[in-house]
Amino acid sequence: MVRAKSIKGNKAIFTVLLLICVIGFWLFENFYTPATYSVAAEGDFKSEMSLTMLPSSTTGDIVAHNHYILSYNEPYEQAEWVAYELKKEHLTNDDRKRPYFIEDPKVKTKSADWRNYRGSGYDRGHLCPAGDRRFSEQAYNETFYTSNISPQDRDFNAGVWNRLEMQVRQWAKRYGSIFVVTGGVLEDGLKEIGEEDVDVPNYYYKIVAKGEKSHLEVIAFLIPGRPSSKPLEQFAVPIDQIEKLTGIDFFEKLPIEITAELEQNVNMEGWRF
DNA sequence: CTGGTTAAC
DNA sequence: GTTAACCAG
């Protein structure tokens, strides 16, 4: 009978579709890997320094890569901070091929596409500098996630900001090991670029720490995202000022007795420029 | 070092 | 769309 036959036919088609779904899912699970530079084996965030000195996250979206950690702020389409330890041994001149900027596979909300920056007039400015992570291909490539960049004025990035990054490398070379936290000041009313509305910070900050937990030495910088030929010293500010602007608590895991005075003052002794 | 632009595949 | 070579501050 015609009707029975058609039901049978539908059943067969349904079975085939189901099989395709099952096989497809199996293939996806077993062979699909998202674009990533991550390598499970590498990673050096077991160190006490990194764990005890991480800032607070205003978003809760903390992502740990093998050689730096960040807190992503989705509405601004960039990290609110990026933190990493810079050791003397990290400083190398290894020649590396610049990879493509890709979405950070570990940011659940998806980090901004690099095309937001195209034609915007702004640089894709690294937060964790590529120049600090040249010691391995993995470390270098990791800095090319779009979660690690922020729109920066060309002459700011290649100028005063680059000078600060070079100074930080000098400090690492001189003092052995330092801890760095950096980001743009994310606030209301910022200019936005691209289809995803990536915010353009007006200010960038960088906090550098060295020494033992008990007597930490910290210096903080707040620099407008414009070209400047002023000496870096003139941009030093108390950490408190950056905390008020960003809402981030930079040494929340350390005892208040240690951090209170540390954060209220600018102490440049112990930091040779 | 910090990057962008261009042209060829 | 990707990549390598070249260019600029």
Separation of B:dT5 atom P from A:F101 atom CZ, nearest Å, is 13 Å
- Between B:dG3 and A:H126, is there an OP1 or OP2 to side-chain N/O distance shorter than 4.0 Å? yes
From CG of A:N162 across to P of C:dA8 the rounded distance in Å is 18 Å
Establish, from distance only, whether the side-chain atoms of A:N66 and A:E142 form a donor-acceptor pair under 3.5 Å.
yes
In whole angstroms, the gap separating C1' of B:dG4 from CG of A:D153 amounts to 14 Å
- Task: Report which part of the nucleic acid A:G159 touches: base, sugar-phosphate, or nothing (heavy-atom distance under 4.0 Å, all strands).
- Result: nothing
Requested in this report: Name the nucleic acid region contacted by A:P227, choosing base, sugar-phosphate or nothing; use a 4.0 angstrom heavy-atom cut-off, strictly under.
Outcome: nothing
Quick check on C:dG9: is either OP1 or OP2 less than 4.0 Å from any side-chain nitrogen or oxygen of A:R154?
no
Comparing nearest nucleotides in DNA chain B, the 5'-proximal residue of the pair A:M166, A:G119 is A:M166
To the nearest angstrom, the CZ-C1' distance between A:R98 and B:dT6 comes to 16 Å
Applying a 4.0 Å non-hydrogen cut-off, can you work out what A:Q152 is touching in the nucleic acid: base, sugar-phosphate, or nothing?
nothing
Atom CZ of A:F156 and atom C1' of B:dG3 are separated, to the nearest Å, by 14 Å
Between CG of A:D155 and P of C:dC7 the distance, given in whole Å, is 20 Å
Atom CZ of A:F144 and atom C1' of C:dT3 are separated, to the nearest Å, by 14 Å
- Query: What do you reckon, are the aromatic ring centroids of A:Y72 and A:Y76 less than 6.0 Å apart?
  - Reply: no
Rounded to whole Å, the CZ-C1' distance (A:R115 to B:dT5) equals 17 Å
Can a salt bridge be assigned to the pair A:R169 and A:D132 using a cut-off of 4.0 Å between side-chain N and carboxylate O?
-> yes
| message | For A:Q234, is the CD atom crowded, meaning more than 12 foreign heavy atoms sit under 6.0 Å from it? | response | yes
Test of ring centre spacing under 6.0 Å for A:F235 and A:F221:
no
Ranking A:R118 and A:K97 by the position along DNA chain C of their nearest nucleotide, the one closer to 5' is A:R118
query = Is any side-chain nitrogen or oxygen of A:R124 closer than 4.0 Å to OP1 or OP2 of B:dG4?
reply = yes
